[in-house]
Amino acid sequence: MRVTYFKSSFLDIFIFICLKNGNGTLEGVVLDEIKFFWKEDDVISYIEKNNLEQVDEKLLEDQGVVSDLFNLINEYLSGKRINLYDKIKNLNIDLSFSKKFGTSFSQKVMEIVSKLNYGETTTYSSIGQKINSKAYRAIGSILRKNPIPLVIPCHRVLGRNGIGGFMGETDGGKEINLKKALLKLEGVV
DNA sequence: GAAGCCATTCACA
DNA sequence: TGTGAATGGCTTC
């Protein structure tokens, strides 16, 4: 378990990344978690609180895969039309969200969301139709637990009558503003 | 295990 | 508009 973070100058937020099983090689790198922080102090205290091993960014830059990962995320955040999910899978980085989502219901939800293209949006009800279920709230609570936002583009899932929630928040907090910023970035009005 | 909570939606008054 | 029922997984005791 190794963690690092960097600042996105475009969105003015800190992006925290947690990798598992990576020994500096391509083999067995698992992208475990992506989190957003608005202040650097918050990232640092999160890392300290959870006793995480922070990897020196310079060290990571020497390791092809990880720097490719950073570059991809930065390119995406600077407005380049790339689909992070596909690109990261091409890097042989394991996104195995199926391990985190045990039930077939939640796996289906995550699969549908992961296939959304750049700039493409859907709604909770539309996902429900695809998996033949009316449990819209259950879909929301699964997306809420998405460990790798941006890569699994849960910000592209909107409510029928509004933007819906993001990162556990439902009203006009900074999380929702971030969701709006990501949608704007992708050209979704 | 059971109860209660959720990033929802729809029907109906 | 507003209320209330349906929905299925997850968290918390």
Side-chain angles (χ1 to χ4, degrees), chain A residues 1 3 5 8 10-18 20 30-39 42-43 45-47 49-52 73 76-77 79 82-86 88-89 94-189:
Chain A
M1 182 91 80
V3 304
Y5 67 92
S8 159
F10 187 83
L11 288 177
D12 202 28
I13 53 172
F14 291 88
I15 299 175
F16 166 94
I17 296 178
C18 178
K20 260 189 185 168
V30 180
L31 177 56
D32 197 54
E33 197 177 14
I34 293 178
K35 285 171 99 66
F36 304 109
F37 292 91
W38 280 261
K39 286 187 294 188
D42 294 342
V43 193
S45 61
Y46 179 82
I47 290 171
K49 191 178 157 197
N50 291 283
N51 222 4
L52 298 168
I73 294 175
Y76 168 76
L77 290 177
I82 56 174
N83 197 329
L84 279 181
Y85 180 76
D86 290 340
I88 289 175
K89 267 208 317 201
D94 189 358
L95 300 174
S96 64
F97 51 83
S98 58
K99 286 174 196 156
K100 288 186 192 287
F101 296 93
T103 61
S104 68
F105 182 89
S106 53
Q107 281 173 18
K108 279 186 215 160
V109 172
M110 295 307 277
E111 198 182 326
I112 289 168
V113 176
S114 68
K115 284 181 180 156
L116 290 172
N117 293 317
Y118 190 99
E120 182 186 3
T121 58
T122 187
T123 59
Y124 299 99
S125 55
S126 160
I127 294 173
Q129 279 169 18
K130 282 183 184 152
I131 61 175
N132 214 9
S133 167
K134 287 183 180 172
Y136 312 115
R137 298 198 73 174
I139 295 167
S141 38
I142 286 160
L143 293 181
R144 182 180 186 221
K145 289 175 187 66
N146 176 11
I148 43 175
L150 297 188
V151 181
I152 307 288
C154 57
H155 59 279
R156 295 179 189 146
V157 183
L158 310 175
R160 198 171 181 85
N161 293 306
I163 189 149
F166 193 55
M167 294 166 68
E169 297 299 318
T170 48
D171 47 20
K174 53 187 188 295
E175 290 83 0
I176 303 300
N177 287 335
L178 176 58
K179 181 173 185 175
K180 285 179 183 165
L182 290 171
L183 290 168
K184 195 176 165 191
L185 178 73
E186 297 190 10
V188 181
V189 181

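Every chain is numbered from 1 and lettered A, B, ... according to where its sequence line falls, protein lines coming before strand lines. Note that these values count all heavy atoms, side chains included, but never hydrogens, waters or copies made by symmetry.
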Problem set entry | For DNA chain C, the dot-bracket pattern of Watson-Crick and G-U pairs whose distances stay under 3.5 Å, | for other-strand partners | ||||||.||||||
Please table the atom pairs, donor to acceptor, closer than 3.5 Å between any side-chain atom in residues 109-118 of chain A and protein atoms at least two apart or in another chain.
from: A:E111; atom 1: OE2; to: A:K115; atom 2: NZ; distance (Å): 3.0
from: A:S114; atom 1: OG; to: A:M110; atom 2: O; distance (Å): 3.2
from: A:S114; atom 1: OG; to: A:E111; atom 2: O; distance (Å): 2.7
from: A:N117; atom 1: ND2; to: A:E120; atom 2: OE1; distance (Å): 3.4
from: A:Y118; atom 1: OH; to: A:L185; atom 2: O; distance (Å): 3.3

Problem set entry | For A:R137, all residues meeting salt bridge (charged side-chain N to carboxylate O under 4.0 Å, His left out), sequence neighbours excluded | none
Seminar exercise, completed: Residues pairing under side-chain hydrogen bond (donor to acceptor under 3.5 Å, both in side chains) where one sits in residues 157-171 of chain A, two or more places apart or in two chains, turn out to be A:S125-A:R160
Problem set entry | Selection: residues 124-133 of chain A, any non-hydrogen atom under 4.0 Å of DNA chain B | A:Y124, A:S125
Exercise. With a non-hydrogen cut-off below 4.0 angstrom, is A:E175 in contact with a base, only sugar-phosphate, or nothing?
Worked result: nothing
For this session: Kindly write out the residues that satisfy side chain to side chain contact (heavy atoms under 4.5 Å, CB included) with A:Q129, not counting sequence neighbours, or none if the list is empty.
Result: none
Donor-acceptor pairs under 3.5 angstrom involving side-chain atoms of residues 175-183 of chain A: please list them, not counting sequence neighbours.
from: A:K179; atom 1: NZ; to: A:V157; atom 2: O; distance (Å): 2.8
from: A:K179; atom 1: NZ; to: A:I163; atom 2: O; distance (Å): 2.8
from: A:K179; atom 1: NZ; to: A:G165; atom 2: O; distance (Å): 2.8

Exercise. Counting any heavy atom closer than 4.0 Å, what does A:G164 reach on the DNA or RNA strands: base, sugar-phosphate only, or nothing?
Worked result: nothing
Problem set entry | Residue-level proximity of residues 134-149 of chain A to DNA chain B when a heavy atom falls under 4.0 Å | A:Y136, A:R137, A:G140, A:S141, A:L143, A:R144
Exercise. With sequence neighbours excluded, what pairs up with A:K108 under the salt bridge (charged side-chain N to carboxylate O under 4.0 Å, His left out) test?
Worked result: none
Problem set entry | Counterpart residues, ring pair (Phe, Tyr, Trp, His ring centres under 6.0 Å), relative to A:F10 (two or more places apart) | none
Seminar exercise, completed: From NZ of A:K108 across to P of C:dG8 the rounded distance in Å is 11 Å
For this session: Rounded off to whole Å, could you give me the CG-to-P distance for the A:L158 and B:dT8 pair?
Result: 12 Å
Problem set entry | Results of side chain to side chain contact (heavy atoms under 4.5 Å, CB included) for A:K174 - residues two or more places apart only | A:W38
Problem set entry | Over 12 foreign heavy atoms within 6.0 Å of NZ, A:K145 | yes
For this session: Could you tell me which residues satisfy side chain to side chain contact (heavy atoms under 4.5 Å, CB included) with A:K184, sequence neighbours excluded, listed by chain and number?
Result: none
